[in-house]
**Q** 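The structure follows.
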Protein chains: 4
Amino acid sequence: LDLTGFAANFAAWQAAQMTGYVVLGSTGEVVHLDEREKCQILTAARQVIPANAAFMVGTGLPSTAATIEFTNLAADYGATHALVVTPHYFKSAMSTSVLINYYQQVADAARIPILLYNVPQFTGITLSIDAIARLSQHPNIVGIKDSSGDLRALQLTIANVAPDFAVFTGSAPILAASVAAQATGAILAVANFVPQLCQQIYLLAQANDPASNPLQQQLLLLSEQIASVSGVGGVKYAMELTGLIGGQVRSPLTMPDKAAQEKIAQLLLRYNLC
Amino acid sequence: LDLTGFAANFAAWQAAQMTGYVVLGSTGEVVHLDEREKCQILTAARQVIPANAAFMVGTGLPSTAATIEFTNLAADYGATHALVVTPHYFKSAMSTSVLINYYQQVADAARIPILLYNVPQFTGITLSIDAIARLSQHPNIVGIKDSSGDLRALQLTIANVAPDFAVFTGSAPILAASVAAQATGAILAVANFVPQLCQQIYLLAQANDPASNPLQQQLLLLSEQIASVSGVGGVKYAMELTGLIGGQVRSPLTMPDKAAQEKIAQLLLRYNLC
Amino acid sequence: LDLTGFAANFAAWQAAQMTGYVVLGSTGEVVHLDEREKCQILTAARQVIPANAAFMVGTGLPSTAATIEFTNLAADYGATHALVVTPHYFKSAMSTSVLINYYQQVADAARIPILLYNVPQFTGITLSIDAIARLSQHPNIVGIKDSSGDLRALQLTIANVAPDFAVFTGSAPILAASVAAQATGAILAVANFVPQLCQQIYLLAQANDPASNPLQQQLLLLSEQIASVSGVGGVKYAMELTGLIGGQVRSPLTMPDKAAQEKIAQLLLRYNLC
Amino acid sequence: LDLTGFAANFAAWQAAQMTGYVVLGSTGEVVHLDEREKCQILTAARQVIPANAAFMVGTGLPSTAATIEFTNLAADYGATHALVVTPHYFKSAMSTSVLINYYQQVADAARIPILLYNVPQFTGITLSIDAIARLSQHPNIVGIKDSSGDLRALQLTIANVAPDFAVFTGSAPILAASVAAQATGAILAVANFVPQLCQQIYLLAQANDPASNPLQQQLLLLSEQIASVSGVGGVKYAMELTGLIGGQVRSPLTMPDKAAQEKIAQLLLRYNLC
């Protein structure tokens, strides 16, 4: 762990007026960390995340009990919200009722509010609109991060959840469209290296300003070339090129090869981002 | 065939300022028609479609030769464009190069310009962005109808095709977002029964007017309840309720059952559409 | 159409003691033929198929009415059975009840017995065990060709259908296992060029003779290299190499390229098949 | 943890002549256990597993380093083999080369031989035949458990791996067929409650004795009704009914409901298994 580098990055993110942070998320390689490391990161995060920003922690684990325990541990470390990925190993058992039950148990026992996290590209399962709508009624379930990239599902979610339930997209290619469709905001891997660009698109789209269009197209191409083609390693490499500390991924993940590195560098240069 | 009813519907569609029509498309149950019936419909269509409107015909067939032949037959009947679905029976053989080759051969031999038609929910295959980009360079391939509903893919298409290549969405849930992302327009099953609503959303979204949002949400719910849940039968039933002639689907398709009919009627009433 | 070559092939197939033939099947490129061509092939087939062999015809079309009409036309041409592929264009509408209804209507109206044809790799849909079990009770539905290659599903089919309902596998890689599991027989694309090998495996597997094992492994590798990698074009090319008349596929299908041709030739040589 | 019950079950399993055991596998809910619990189970297992039986441990974790560390910890506890599931959270990054690299690093560093574990229904990814063939050459990778249920893939695996590389099926519906196709053996969830039946089928299939057929059909129906419909909870419930200690699953998994319990009981009764 490079906790110094981790802390150093927040200056740039704060300058871009991020209103919250997810720590121990997918791009943070939470699945590659052991419990001691997770606690070290939480400690470091609490020190640098401003008191008025959301401090969300990825706390979902395969069992209900483990998820509750780690959620409350994160609360002890000062987390303000838990982002809880759908359990997914036993895919065929993860019916809508089983998932509803899981989230209700977690939310009942958690000492901080939780957000649902739907990310089919990693979990292989999709949280149904029905489940989301039902769970949005729970007083301690306050939102969702939907990384499916499915704008139709996002709009159906927004149309069906309780008022004040926060709906965040986790998909950069649909950022402007999500904001136009009244999403609360976005939680994006690419915001690690282009926080300002994400923030601009968000504000322009909220104002129905068509100036968001060319910026959204920039973001789309950055997201494809960096996050889709090269994954977490691409995000970390792009962080290094944009003046942040990205570091290395852990095996079995790999960093972009020479050819991919060059394409990433060219794209960032093209948009004056490095 | 109810050719009288078919012709009668155009009054309402013209009133909604549709700029073009697809005849023999998926919702027109082209796969359920024999060649004689197709020709009868083309004859009827040519009589009612205004000379200044696009008269697109679904002409894609499994073999290249049959597609070319029927495309030129449609041209003889006065069609202005052919909408050519991806061949798809031998799915694993439909590589990007095979599909490019197919469309190039069709476009070379066709006497009218052609549009690509990507509709994975019916074909089980997806036309790649690479294939679309390559094919957009062909002088006789002038556009695409993308019914995937994938806004990311639509934006990548727009970013990669030749200038002047027309990109239509075929997905009602992403109509406003597609227009905001600079799509040329839309070709929608739901436009059969709510042409005015589709037209309004299109114009508002083009003007970056946030008044498109509540209308887009109406369209989303209509599309889900009618076209997604009940399919072609739902569209035909909704046409009947909105004063048009929908008629019956052909077996094995079915009309909505009592419960679905009531939900459709309630939804149309709720939005003062019947 | 090369009707002379078509007829000439039957000598080899008869020598291998085939007990029946499917004409106008997937490998016969039925989707690439127009109605006049289909009738020419049926005429030619009736002349060469022995009276005591099954003369099955692929008659499934997207609409129920068209399927019934063509099934009875095939009967007029002397077909003994119709092999009816699942309708599949409107995939999400093809529920178990819709498919049951379709097959019941076809079977009620058909003047020859019908067999179900489940081939998800081409249709994108799967006929459920429940549907098969229900349909096996119909007096005019006498069997199924299951090309899914899923041995678990094949065994569940056998366990759940009416007695005397014929269950054919359409998957060469599971031929011996299917016969061991009491399948009635097999209908295989590779039998076009290795009819003898298929027949041997069938007989040995029926006799629980482990000599089927090395032959099944040959068939597996032939099927992978020829039918999986190169599709219908691979089968036609292998027919040419084994002394039959395969001819060319129709566009958009393609024949194997040079490299693939060499691999096919080497494999056939290795097993002394050409 | 019910370590007493766990140990008690081995009497029945030994009576059925099991030649090896997997501890901390999918059905053992390894994903629901913390590290302390895993160690307790390993300790208990070492005490009851005979010295001449294989003592395999599920040691796969998302990161390469964690997998190596836990594999060698299992070795310290007396495990004879590690069964290493494919890493799978970052699905799109898990290319053939990344997976080969992962397994090579694990095998190089492991102090006990490892087996690959391919289980797409839980992981959402499939280990390619190419990867398996390559990895089978590694001196410390001695076999694979393939739970895909795909007999074609199993046969291709057998045809392509190094001699002496062990190929186990993890799919009860294809047990007899796998043995007939020269698989080394099987590692089955249902063997928890019908070890004798599994052993019988294995021996009969090895002897090409058709008496395996009715038994295989029994196993198929038991596997469908219990393991497929009710998952891990079904297996545990069936263990209780057959005189073993199954206990409860951990949330979010659930035990079978009343209706499912009755069906399980009826099926076991029908085959005189309880």
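None of these values were measured; they are calculated from a predicted model.
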**Q** If you count heavy-atom pairs under 4.5 Å between each of A:Tyr102, A:Phe90, A:Tyr89 and chain D, which one has the most?
**A**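 Looking at each option in turn, the highest pair count goes to A:Tyr89.
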**Q** Regarding D:Arg36 and A:Glu35, does a basic nitrogen lie under 4.0 Å from an acidic carboxylate oxygen?
**A**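 No salt bridge links D:Arg36 with A:Glu35.
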**Q** Name the residue from D:Thr59, D:Leu83, D:Leu42 that meets the side-chain contact (heavy atoms from CB on, under 4.5 Å) definition with D:Leu24.
**A** D:Leu42
**Q** Only pairs of heavy atoms separated by less than 4.5 Å count here; which of D:Thr67, D:Leu61, D:Val119, D:Val98 has the most with chain A?
**A** D:Val98
**Q** Under the 6.0 Å and 45° cation-pi test, does A:Lys91 pair with D:Phe122?
**A**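 Relative to the ring axis of D:Phe122, which defines the angle, A:Lys91 lies outside at least one limit.
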**Q** Evaluate the side-chain hydrogen bond (donor to acceptor under 3.5 Å, both in side chains) criterion for residues D:Ser171 and D:Ser147: first the C-alpha distance (whole Å), next the side-chain angles of each, then the deciding distance (0.1 Å), finally the verdict.
**A** CA-CA 5 Å; D:Ser171 171; D:Ser147 296; over 6 Å; no
**Q** Side chain to side chain contact (heavy atoms under 4.5 Å, CB included) for D:Ile226 and D:Val190? Distances and angles first, verdict last.
**A** CA-CA 8 Å; D:Ile226 298 171; D:Val190 294; 5.8 Å; no
**Q** Who among D:His32, D:Glu29, D:Arg250 has the most heavy-atom pairs with chain A under 4.5 Å?
**A** D:His32
**Q** Any idea which of A:Gly231, A:Ser230, A:Pro62, A:Gly233 has the most non-hydrogen atom pairs under 4.5 angstrom with chain D?
**A**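 Going by pairs under 4.5 Å, I would pick A:Pro62.
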**Q** Using heavy-atom distances under 4.5 Å, tell me whether A:Ala93 contacts chain D through its side chain, its backbone, both, or neither.
**A** side chain
**Q** Checking heavy atoms, do the side chain of A:Val85, its backbone, both or neither come under 4.5 Å from chain D?
**A** side chain
**Q** Let me know if A:Ser26 has heavy atoms under 4.5 Å from chain D in its side chain, its backbone, both or neither.
**A**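 Backbone plus side chain of A:Ser26, per the 4.5 Å heavy-atom cut-off to chain D.
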**Q** Look at the side chain of D:Asn118 and the backbone N and O of D:Leu127, then say whether any donor-acceptor pair between them is shorter than 3.5 Å.
**A** yes
